[in-house]
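Only this structure's heavy atoms are used, side chains among them; waters, hydrogens and symmetry mates stay out.
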Amino acid sequence: MRVGDLMHTKVFTVEEEALIERVFFLMHYEKIRHVPVVNKKSEVIGIVSDRDLYKALGPKNNSNVIEESGDKAAALHVVPQKVRHIMHRAVLTINPNEQISDAAAIMAKHRIGALPVVKDNKLVGIITTTDLLRYFSKVKLPDGGPAAGPDEA
């Protein structure tokens with residue numbers, strides 16, 4: 001199976017001059033863990049993961065991030081910092097015509113959770129470890145049975 005058959009084509013992106021607050025809300029409300037950073041030409045120039053965001057918003061870097069107000073409601077205070085300060089610039093990408101096993105191998109080797117999918121230098125999708133796990137959990141072995149689970153091996 002090809003990456004293009006499994007990737008998500010609805011990709012939430014930000015530009016490097018966006019505030020990290022935007023990434024926080026995108027991840028929270030869209031329930032995603034990776035946000036590609038693109039330029040005006042839709043070329044991938046970086047990526048921000050939930051881990052990058054949590055490091056930037058962590059107590060060491062942002063004391064009193066969450067504060068209770070008089071009515072016991074919590075308010076989030078985010079230091080106005082731009083995405084370019086927390087994004088990873090050396091982004092690994094993959095072509096939609098590559099095999100999903102190649103995507104899995106890249107993610108495992110580099111210990112990353114997502115690969116932006118790029119065609120002609122433009123972002124066309126994203127594939128994540130969750131996508132791969134869902135796919136491989138449905139794969140049947142040559143004998144017709146499902147792949148062995150951890151308790152069955």
Side-chain angles (χ1 to χ4, degrees), residues 1-139 150:
M1 177 177 266
R2 296 176 321 112
V3 168
D5 298 328
L6 194 60
M7 71 182 186
H8 293 274
T9 56
K10 181 180 178 184
V11 183
F12 296 96
T13 63
V14 293
E15 291 184 353
E16 67 179 331
E17 293 301 314
L19 294 176
I20 62 172
E21 179 178 292
R22 175 163 168 69
V23 177
F24 174 83
F25 286 108
L26 264 176
M27 288 183 177
H28 179 74
Y29 289 109
E30 299 299 337
K31 296 179 179 32
I32 56 175
R33 295 185 304 161
H34 302 89
V35 177
V37 182
V38 296
N39 62 19
K40 302 275 187 211
K41 298 176 187 175
S42 295
E43 298 168 331
V44 178
I45 59 170
I47 193 163
V48 178
S49 72
D50 56 346
R51 289 181 186 176
D52 300 325
L53 187 63
Y54 296 140
K55 282 181 194 174
L57 297 178
K60 292 179 189 171
N61 299 324
N62 200 1
S63 60
N64 299 321
V65 172
I66 298 179
E67 176 183 287
E68 285 190 22
S69 61
D71 63 356
K72 302 290 184 195
L76 177 68
H77 298 282
V78 178
V79 173
Q81 192 176 94
K82 294 188 177 181
V83 168
R84 68 181 147 100
H85 295 295
I86 67 168
M87 71 182 196
H88 286 276
R89 294 181 187 278
V91 184
L92 296 172
T93 62
I94 195 161
N95 185 284
N97 294 319
E98 297 291 325
Q99 296 296 311
I100 59 170
S101 58
D102 295 331
I106 292 168
M107 286 191 230
K109 178 180 180 182
H110 296 281
R111 299 179 67 188
I112 57 175
L115 282 173
V117 183
V118 174
K119 183 176 182 182
D120 299 326
N121 293 325
K122 305 272 191 251
L123 180 69
V124 294
I126 192 165
I127 189 164
T128 68
T129 52
T130 302
D131 301 327
L132 295 171
L133 287 170
R134 282 190 186 124
Y135 173 77
F136 287 123
S137 70
K138 296 175 185 175
V139 172

Pairwise side-chain contact, [X] with [Y], heavy-atom cut-off 4.5 Å (strictly under):
| X | Y | value |
| --- | --- | --- |
| Met87 | Asp52 | no |
| Leu6 | Val3 | no |
| Val48 | Val37 | yes |

For the [atom1] atom of [X] and the [atom2] atom of [Y], what is their distance to the nearest 0.5 Å?
| X | Y | atom1 | atom2 | result |
| --- | --- | --- | --- | --- |
| Tyr29 | Phe24 | OH | CZ | 7.5 Å |
| Tyr135 | Asp5 | OH | CG | 9.0 Å |
| Arg134 | Lys138 | CZ | NZ | 8.0 Å |

If you apply the rule side-chain contact (heavy atoms from CB on, under 4.5 Å), what do you find for Val23 with Val83, and how did you get there?
CA-CA 8 Å; Val23 177; Val83 168; 3.6 Å; yes
Contact summary for Ile86 and Gln81, nearest pair of heavy atoms:
CG2-OE1, 3.1 Å
What is the minimum heavy-atom distance between Ser49 and His34, and which atoms define it?
CB-CD2, 3.8 Å
Going by side chain to side chain donor-acceptor pair (under 3.5 Å), name the residues that satisfy it together with Asn39, two or more places apart in sequence or in a different chain.
Glu43
Kindly write out the residues that satisfy side-chain contact (heavy atoms from CB on, under 4.5 Å) with His28, not counting sequence neighbours, or none if the list is empty.
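Counting only residues at least two positions away or on another chain, His28 forms no side-chain contact (heavy atoms from CB on, under 4.5 Å).
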For residues 112-129, please give each side-chain donor-acceptor pair under 3.5 Å, one per line with the distance, not counting sequence neighbours.
residue	atom	partner	partner atom	Å
Lys122	NZ	Lys41	O	3.2
Thr128	OG1	Thr130	N	3.4
Thr128	OG1	Asp131	N	3.2
Thr128	OG1	Asp131	OD2	3.1

According to salt bridge (Lys or Arg N to Asp or Glu O under 4.0 Å), does anything in residues 10-19 pair up with another residue at least two apart or in another chain? List the pairs.
Glu15-Lys40, Glu16-Arg89, Glu17-Lys82, Glu17-Arg84
Please table the atom pairs, donor to acceptor, closer than 3.5 Å between any side-chain atom in residues 93-103 and protein atoms at least two apart or in another chain.
residue	atom	partner	partner atom	Å
Asn95	OD1	Asn97	N	2.7
Asn95	OD1	Asn97	ND2	3.4
Asn97	OD1	Arg2	NH1	2.6
Gln99	OE1	Met1	N	3.3

For side-chain contact (heavy atoms from CB on, under 4.5 Å), just list the numbers for Val44 and Ile47, CA-CA rounded to whole Å, side-chain angles, deciding distance to a tenth of an Å, and then say yes or no.
CA-CA 8 Å; Val44 178; Ile47 193 163; 5.7 Å; no
